[in-house]
Asks: 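One structure is given below, represented as structure tokens, and several questions about it will come after.
Just follow the structure's listing: the first ligand is 1, and inside any ligand the first atom is 1. Note that the structure is a prediction, hence the values are computed from the model and not measured.
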Amino acid sequence: MAVMTTFNNSRPFDVSALVQIGTLHISAPSNIALIKYWGKRANQLPCNPSLSMTLEKSRTYLSLEYRGRSYLKDQLIHLNYQFEGHENLAFAQKITKFLEKLTAKECPYLAYFDLSLSSHNTFPHSAGIASSASSMAALACALVTLEGQIFNQQYSDEQMKQRMSHLARLGSGSASRSVEGAFCQWGVDGLEVGNDEYAMVINKIHPLFLSMRDSILILDDQAKAVSSSQGHALMENHPYAEARFKRASERVTELKQVLESGQWDEFARLVESEALELHGLMMSSTPAYILMRPQTLEAIERIKRFQVQESVKITYTLDAGANLHVLYPEVEESKVLNFLQQSCVPLCVEGRMIHDQAGLGFRFETGL
Ligand code: PMV
């Protein structure tokens with residue numbers, strides 16, 4: 001009987017157990033960082049902890065068909081991949097690279113499988129919603145579920161979610177925060193809470209924040225001039241790197257207290273400052289670059305005026321791009337939607353906005 005070293009804790013496994021056929025249907029959401037991960041170390045480990053809100057409607061739906069063999073054809077990944085019903089070479093290459101990386105260490109059993117993946121997103125490309133977070137999280141959740149089935153693995157719920165987040169992180173850092181829970185922390189903060197390998201759920205959240213809405217203003221739908229990977233790399237010799245990593249770490253601790261107590265003004269102060277600081281880091285990198293557009297600044301000014309003049313609980317954050325995430329609790333929904341319609345729709349590309357809200361993570365479901 002052929003035996004090889006297993007994926008997780010070096011226990012040997014019987015390859016005849018891999019001869020299984022099946023399909024898994026999973027969806028995972030994207031997330032928006034409130035305290036940003038910006039700068040990474042080897043093996044996709046973060047230079048500072050980050051804290052995010054999980055989205056609900058912006059999701060990747062993924063179907064994974066697997067057919068196991070008890071023998072190796074070769075050392076290659078055997079993957080058939082379709083995105084939104086069509087072949088997509090760029091995405092297929094990205095996923096193959098990720099699966100190769102997993103096969104080399106975490107999931108050697110993948111070399112015994114023929115895999116067929118098809119996925120689609122509920123949100124458009126270049127909308128300021130991280131599709132790598134939702135897609136890598138969906139794939140990681142599917143793989144850990146597959147492991148559970150083929151090895152009859154006895155994971156506790158917590159171990160399973162940690163491993164999902166850990167594998168997702170290897171695909172894309174921010175994907176580690178897309179597995180479960182409305183608010184997640186990835187990385188160790190100043191009080192030694194958290195883990196760099198995987199994200200954890202923040203449980204003590206005031207109801208005001210659990211009902212959070214996120215309206216995403218599409219202010220620019222062109223591909224970014226500088227990718228997030230390039231941006232992370234520019235933190236390596238950044239003159240403010242050390243101060244930034246320390247500050248982000250302190251802010252994660254601070255934001256958790258604010259999320260628990262429900263102080264909106266403190267929340268808005270921290271989140272807005274983080275958004276601008278992220279872009280400040282880009283503007284002070286070598287080479288320096290700007291991802292905000294004139295419409296981004298105009299929208300920020302309009303939101304700030306509305307926030308102050310109407311005393312409305314509203315704030316905003318930015319990802320590494322020009323599009324704005326407008327955050328507000330459910331109680332303010334009608335006032336904010338009215339304001340967005342009047343004052344921000346004219347700034348958006350073809351008047352486009354995406355209305356999302358805080359969600360709870362991955363689910364087993366088909367996207368049909
Ligand atoms: O996960 P990556 O490598 O795409 O980096 C994400 C970086 C930011 O979106 C700007 C911040 C974050 O924490 O998500």
Asks: Under 4.0 Å from any heavy atom of Ala33, which atoms of ligand 1 are there?
Replies: 12 (C), 13 (O), 14 (O)
Asks: Please report which non-hydrogen protein atom sits nearest to atom 5 (O) of ligand 1, along with the residue it belongs to and the distance in Å to one decimal place.
Replies: His232 NE2, 2.9 Å
Asks: Using a strict 4.0 Å threshold on nitrogen-to-oxygen distance, state whether Glu277 and Arg247 make a salt bridge.
Replies: yes
Asks: Under a 4.0 Å threshold between the charged nitrogen and the carboxylate oxygen, would Glu254 count as salt-bridged to Arg251?
Replies: no
Asks: Checking Phe183 now: which residues fulfil ring-ring contact (aromatic ring centres under 6.0 Å, His included) with it, not counting sequence neighbours?
Replies: none
Asks: How close does the nearest protein non-hydrogen atom get to atom 8 (C) of ligand 1, and which residue and atom is it?
Replies: Asp319 OD1, 3.5 Å
Asks: Tell me whether Gln44 reaches ligand 1 (any heavy atom closer than 4.0 angstrom to a ligand atom).
Replies: no
Asks: Any atom of ligand 1 sitting under 4.0 Å from a heavy atom of Ser172?
Replies: yes
Asks: Provide the number and element of each atom of ligand 1 under 4.0 Å from a heavy atom of Gly173.
Replies: 1 (O)
Asks: Look only at the side chain of Ser211 and the backbone of Pro329, and say whether a donor-acceptor pair between them is shorter than 3.5 Å.
Replies: no
Asks: Got a donor-acceptor contact below 3.5 angstrom from the Arg41 side chain to the Pro46 backbone?
Replies: yes
Asks: Can you report which non-hydrogen protein atom sits closest to atom 11 (C) of ligand 1, along with the distance?
Replies: Tyr37 O, 3.4 Å
Asks: If you count the non-hydrogen atoms of other residues, nucleotides and ligands that lie under 6.0 Å from CG in Asp74, is the total more than 12?
Replies: yes
Asks: Considering Arg169, Arg177, Glu274 one by one, which has a heavy atom nearer to atom 14 (O) of ligand 1 than any of the others?
Replies: Arg177
Asks: Do Ser174 and ligand 1 have an N or O pair less than 3.5 Å apart?
Replies: yes
Asks: So is Arg69 actually on top of Tyr71's ring, under 6.0 Å and inside 45° of the axis?
Replies: yes
